Amino acid sequence: MRKITEKIISGKVAQLCIDANLYLRKDVEAALDQALKKESNSRARQILKQLIENAELAGTDKVALCQDTGMPVVFVDIGRNINIAGVDLTAAINKGVEEGYRKGYLRNSIVTEPLTRLGTSKFSPCVIHFSFGKHNGLRLTVLPKGFGCENKTQLKMFNPTASEGEVKDFIISAVEQAGPDACPPYILGIGIGGTADYACQLSKVALLRPIDKPNPNRSVGKLEKELFKKLNLLDIGPMGLGGDTTVLGVNIKTFATHIAGLPVCVNISCHVLRSASDIL
Amino acid sequence: MIFFKNNFIKLFTTSKDPFSGLKAGDEVLLTGDIYTARDQAHKRLVELIKKGKKLPFDLKGQTIYYCGPTKTPPSKVVGSCGPTTSARMDKLTGPLLAAGLKAMIGKGRRSEEVRRLIKKYKAVYFLATGGAGAYLAKRVISVKLVIFKELGPEAIYRMRVKDFPLIVGIDPEGRDVFEKKGT
């Protein structure tokens, strides 16, 4: 079995932090190009052009896409045929985040004490989700989440008898309430099912799927498409100044839930949806 | 840059009354000195004002930019430096306007109270493009730390900007661009 050391893990995490913050995801870049072609509002087109230029400049100038380089959320998917005995995964990942954020000249946006707001000297700790998979190797994914949009997250525990219409209305109203404030056009990660905490986690995982790939479940994929159309009629538009481009993508992830409930979490991402992933 | 070539208004912070006559929705290219300040710096400035103490810089006629840039890479003037959400500063804006603040730059909506105060003090609220930090960094000529170094990205920096692209969000008459969307 292949031995993976702490050094290899932290080195990879560091690189993923830099990649995610400097290079816009290809699917998001394509969605911006697509939106520019369809957009009928001239100011919205002008802003979309700025965003496309911003992505080009970030890559060539090696400057972060957005000054809010986020709170890094790291997904660790532990597969087969690897030997990580004795490795302190949490420490290795946090070390990687610190290294990546320092080397990439990214912003330290982390306060270690949420109430007193103290402790801003380091770039960590980050949020880590561990899981086990059937693949070979260790899959690492870094999702730096900016807080302008994270602050607009909404969780609702519906009754099990709630209609699909009520769920749709909740999702649409979450976007309406975010309005111009969280850097539209948005990408929606929606978690449906599980428990309250798990629905929130699903909504983050949903953001990792390329936004041009619909959910493989037919009815969920249809719901994504329907929401995408409806949300783009809200006329929020880029920067909230109106237009046909309010969302660039809607990704839903579902999971089994309890007979007594229906948790739904809407996690809004700004147009700078960042993530980078690799397998060791 | 090409995007604002048609109908932008060139403004200089050093002009006399640079912001009078602006209308919500106007596209502006701003040149001059602006000061970054976000949540924690606002809190400290307001505390100083309440205690009747001297401010680290004279707010009279000044522009505050709600921004906390990334670290400056070598050979660069500044890192990524787009606007943060303005609404978080709403409750801390009144005392600064009363102390002479003339312009604010951020993203998103303001409270009704801030809109009224902007009208009262004949100030202005500008929108910068959120999430375009690398693009906006190109319009910054120099950056100097003013105070609150210990706040890191939340410290107050004086930025000299050239042709910084903005849209008037709330004009000195209190008109709000988000209330007349699409026009």
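Below, chain A is the first sequence line, B the second, and so on; all start at residue 1. Bear in mind the structure is a predicted one, so any value in this text is a computation, not a measurement.
Under a 4.0 Å N-O distance rule, the pair A:Asp181/B:Lys107 does not qualify as a salt bridge. Ion pair B:Lys138/A:Asp61 flagged as a salt bridge, since at least one NZ, NE, NH1 or NH2 atom sits closer than 4.0 Å to an Asp/Glu carboxylate oxygen.
Atom NZ of A:Lys156 sits in a sparse spot, with 12 or fewer heavy atoms from other residues, nucleotides or ligands closer than 6.0 Å. When the shell of 6.0 Å around NZ of A:Lys168 is examined, it contains more than 12 heavy atoms from other residues, nucleotides or ligands. Other residues, nucleotides and ligands place more than 12 heavy atoms under 6.0 Å from the NZ atom of A:Lys204.
Proximity of B:Thr84 to A:Asp68: side-chain heavy atoms (C-beta onward) are nowhere separated by under 4.5 Å. The shortest side-chain heavy-atom distance between A:Leu241 and B:Leu127 falls under the 4.5 Å cut-off. Looking only at side-chain heavy atoms (C-beta outward), A:Arg43 and B:Glu27 come within less than 4.5 Å of each other. Between B:Thr70 and A:Tyr105 there is no side-chain heavy-atom pair separated by less than 4.5 Å.
Of the listed residues (A:Asn151, A:Leu65, A:Leu51), the greatest number of heavy-atom pairs within a distance under 4.5 Å of chain B belongs to A:Leu65. Note: B:Gly108 leads B:Gly79, B:Ser86, B:Gly108, B:Gly169 in heavy-atom pairs under 4.5 Å with chain A. Heavy-atom pairs under 4.5 Å with chain B were tallied for A:Pro180, A:Cys66, A:Gly179; the largest tally goes to A:Pro180. With chain B as partner, the option from A:Cys270, A:Gly146, A:Gly148, A:Cys183 having the largest number of non-hydrogen pairs under 4.5 angstrom is A:Cys183. Of the residues considered (A:Thr69, A:Asn21, A:Leu57), A:Leu57 shows the highest number of contacts with chain B, using heavy-atom pairs under 4.5 Å. Here B:Ser80 is the residue among B:Ala137, B:Gly131, B:Ser80 with the most heavy-atom pairs under 4.5 Å with chain A.
With a threshold of 4.5 angstrom between heavy atoms, B:Ser75 does not approach chain A through any atom at all. With a 4.5 Å cut-off on non-hydrogen atoms, A:Leu106 touches chain B through its backbone but not through its side chain. At a 4.5 Å heavy-atom cutoff, B:Glu154 makes no contact with chain A through either its backbone or its side chain. Proximity to chain B is absent for every atom of A:Ala44, based on heavy atoms less than 4.5 angstrom apart. Of the atoms belonging to B:Pro73, heavy atoms from both backbone and side chain fall under 4.5 Å from chain A.
The structure places CZ of B:Phe178 at 7.0 Å from CE of A:Met239, a figure rounded to the nearest 0.5 Å.
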